[in-house]
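A quick write-up on the structure given underneath.
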Amino acid sequence: MTDILIRNARLVNEGREFESDVLVAHGRIEKIATSIEGIRARVEIDAAGQWLMPGMIDDQVHFREPGAPHKGCIASESRAAVAGGITSFMDMPNTAPPTLTLDALADKKRRAAAGAKANYAFHFGVSRDNLDTVAALDPAAVGGVKVFMGASTGDMLVDDPEILERLFSCVPTILLAHCEHTPSILANEARLRELHGDHIPPSAHPLIRDAEACYRSSSFAVDLARRCGTRLHVLHLTTARELALFTPGPLAGKRITAEVCAHHLLFDDSDYAALGNLIKCNPAIKTRADRDALRQALLCDRIDVIGTDHAPHTLEEKSRAYAQAPSGLPLVQHALPALLELVEEGALPLTHLVRKTSHAVAELFGIRERGYLREGYWADLTLVERLAVPQPVDEQPVLAHCGWTPFKGRSFRHAVRTTVVSGQLAWHQGRVQDDCEGLPLSFNR
């Protein structure tokens, strides 16, 4: 492992900002002190004027491997992730084949060991036919268990109440839920098709996958979790109405938690006019009032973590008519700089952002010795500089395999200068470091 000495940084950690040096040795943070003298490291970085934060832990990505190499793979998407300050990721199970068996899980871990630039874990999927496998899972072998309670995901759609009750009662670890009510979606789509025929506009997406469809599913999931005592985490909230289902306050002790994704904090339905299918995602980006309510819910800790739901597709696929265009967008490279715009605007304190993208994710999943700047912890670090002149996104190469970003045309006032993954330089001086190798995440379970 490369020894690294970072001098003159402004650390952002555990609710504080303070000046300090940081020494990294053997993959871990060896020392945090106001001044570290008498030591020569193989890599020394003068971080004057830069924030040093624990790397973002993204608990929700779709890196498309195996099954869709034309969209992306673990190697390509993790390169984009480290360029964006993300040091660890947890990949979702709806690959091809889906992660519904122990063999499929082992295969994804082998693939990550061979190509991931960031640390990694994988969520296990649920179908109508694998509940016995889910119930027997080793909780430490997976990030979590993911259930699609409403979405067009083929064998992974689980909407039978009896099967769901059995799942909620037997799942041995945290259960992650995608909540949308499929019958409502289908009815809305039929109504819009009567109006528009085969020419439904992308702006209709939040009318098809509307607030009612989200609330009917998420409220059912929360009620079921309360009855069954399930440790439930509801993914990618999009509506103000759903927020009342979740308790504000500290994460510790919560049995039911919630997440918001970067794009639901940064876009609203007025953006469909310019971006169209490029921001088509499930659940849909909704109104500005919903977006603002999600931001407020972060401040009172009604929402516990921020993820990306990075889900790349090719531009050719996204250029199809609305009904044929797939849902999802690439986000890992630009999520953190984009979220820092909320800090710049005064909408979110920097220490709060770090808590939602690092500390709370580590606590939520019980990730061992990561998510904080602490001596003895793994050195997963992100150095961010506030720019004197905002940098247009278009001037930067897009590292995701799909080659595009929904932030085209925007400028950011912050840039990730260095990313350290398990004590190794992963992104530095404007390029990915090819010798960096991500490690598997381990869990306190």
Side-chain angles (χ1 to χ4, degrees), residues 1-2 4 24 26-28 55-125 133 137-146 173 307-308 310-312 332-333 361-362 365-371 377-382 399-401 419-428 431-445:
M1 298 289 185
T2 302
I4 302 170
V24 174
H26 308 295
R28 296 180 180 266
M56 181 173 175
I57 304 171
D58 193 349
D59 72 322
Q60 187 183 180
V61 304
H62 301 263
F63 279 179
R64 305 304 191 197
E65 185 177 356
H70 68 290
K71 299 177 190 283
C73 65
I74 290 170
S76 65
E77 307 314 286
S78 65
R79 290 173 71 88
V82 298
I86 293 171
T87 54
S88 300
F89 66 87
M90 300 184 201
D91 189 68
M92 286 295 171
N94 53 323
T95 45
T99 317
L100 298 174
T101 67
L102 296 180
D103 286 345
L105 177 65
D107 176 64
K108 291 179 83 168
K109 290 181 178 181
R110 285 192 296 269
R111 292 169 181 267
K117 296 300 178 188
N119 307 310
Y120 54 87
F122 296 95
H123 300 305
F124 200 78
T133 303
L137 277 175
D138 175 0
V142 296
V145 172
K146 168 73 176 290
T173 187
T308 71
H310 173 88
V332 289
Q333 184 174 345
V361 189
F365 289 92
I367 302 171
R368 186 174 294 139
E369 298 174 336
R370 299 188 190 271
Y377 270 49
W378 286 102
D380 294 334
L381 315 173
T382 300
L399 299 184
H401 184 71
T419 305
V420 177
V421 171
S422 296
Q424 309 156 85
L425 286 178
W427 169 260
H428 188 55
R431 65 183 184 90
V432 176
Q433 306 298 299
D434 290 332
D435 58 349
C436 178
E437 298 179 353
L439 299 179
L441 298 177
S442 57
F443 302 95
N444 293 313
R445 297 176 183 165

How far apart are the C-alpha atoms of Thr173 and Leu137, what are their side-chain angles, what is the distance that settles it, and do they pass the side-chain contact (heavy atoms from CB on, under 4.5 Å) test? CA-CA 8 Å; Thr173 187; Leu137 277 175; 5.6 Å; no
Start with the C-alpha gap between Ile74 and Asp91, add the side-chain angles, then the distance that decides, and say whether side-chain contact (heavy atoms from CB on, under 4.5 Å) holds. CA-CA 9 Å; Ile74 290 170; Asp91 189 68; 5.8 Å; no
Are His62 and Asn94 close enough, and set up right, to give a side-chain contact (heavy atoms from CB on, under 4.5 Å), and what steps lead you there? CA-CA 8 Å; His62 301 263; Asn94 53 323; 3.0 Å; yes
Please lay out, stage by stage, how His428 and Gln433 fare under the test side-chain contact (heavy atoms from CB on, under 4.5 Å). CA-CA 7 Å; His428 188 55; Gln433 306 298 299; 3.9 Å; yes
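The backbone N or O of Thr87 sits less than 3.5 Å from a side-chain atom of Asn119, completing a donor-acceptor pair. Although no hydrogens or angles enter the test, the distance criterion places no donor-acceptor pair under 3.5 Å between the side chain of Arg28 and the main chain of Ala379. Between the Lys117 side chain and the Asp434 main chain, a donor and an acceptor come within less than 3.5 Å of each other. Arg111 contributes no side-chain N or O that, together with a main-chain N or O of Pro66, makes up a donor-acceptor pair within less than 3.5 Å. Checked by atom type and distance alone, the side chain of Thr419 pairs as donor or acceptor with a backbone atom of Val82 at under 3.5 Å.
Separating the CD atom in Gln60 from the CG atom in Asp58 is a distance of 7.5 Å, to the nearest 0.5 Å. Here the straight-line distance linking atom OH of Tyr120 with atom CE of Met90 works out to 13.5 Å at 0.5 Å rounding. In this structure, Met92 CE and Lys108 NZ are separated by 9.5 Å, a value rounded to the nearest 0.5 Å. With rounding to the nearest 0.5 angstrom, the CG atom of Leu425 is 9.5 Å from the CZ atom of Arg431. If you take CD1 on Ile86 and CG on Asp380, they are separated by 12.5 Å, rounding to the nearest 0.5 Å. Rounded to the nearest 0.5 Å, atoms CD (Gln424) and CG (Leu439) are 6.0 Å apart.
Counting only heavy atoms from C-beta outward, the side chains of Ile367 and Ser88 never approach each other to under 4.5 Å. Side chains of Phe63 and His310 form a contact here, defined as non-hydrogen atoms less than 4.5 Å apart. Side chains of Thr133 and Leu100 form no contact here, defined as non-hydrogen atoms less than 4.5 Å apart. Pro312 is listed as a side-chain neighbour of Arg64, based on a closest heavy-atom distance under 4.5 Å.
The aromatic rings of Phe365 and His123 sit tilted, their planes meeting at an angle between 30° and 60°. Using bins of under 30°, 30° to 60° and over 60° for the plane-to-plane angle, the ring pair Phe122/Phe89 lands in the perpendicular bin.
Nearest heavy-atom pair, Val142 versus Phe124, reported as atom, atom and distance to 0.1 Å: CG1-CB, 4.0 Å. Summarising the geometry of Ile57 relative to Gly371, their closest heavy-atom pair is CD1-CA, 3.9 Å, with the distance given to 0.1 Å. Between Ala104 and Pro98, the shortest heavy-atom distance links the atoms CB-O, 3.7 Å. Shortest non-hydrogen contact noted between Ala80 and Val332 is CB-CG2, 3.9 Å. Shown here for Leu441 and Ala121, the closest heavy-atom pair between the two residues is CD1-CB, 4.0 Å. Considering all non-hydrogen atoms of both residues, Ala116 and Ser78 come closest at CA-OG, 3.6 Å.
Sparse packing is recorded around CD of Glu437, with 12 or fewer heavy atoms of other residues, nucleotides or ligands lying under 6.0 Å away.
Asp59 and Lys146 are not joined by a salt bridge, as no carboxylate oxygen comes within less than 4.0 angstrom of a charged side-chain nitrogen.
With sequence neighbours excluded, the residues that form a salt bridge (Lys or Arg N to Asp or Glu O under 4.0 Å) with Lys71 are Glu317.
In the model, Ser442 has no side-chain atom that pairs as donor or acceptor with a side-chain atom of Arg370 under 3.5 Å.
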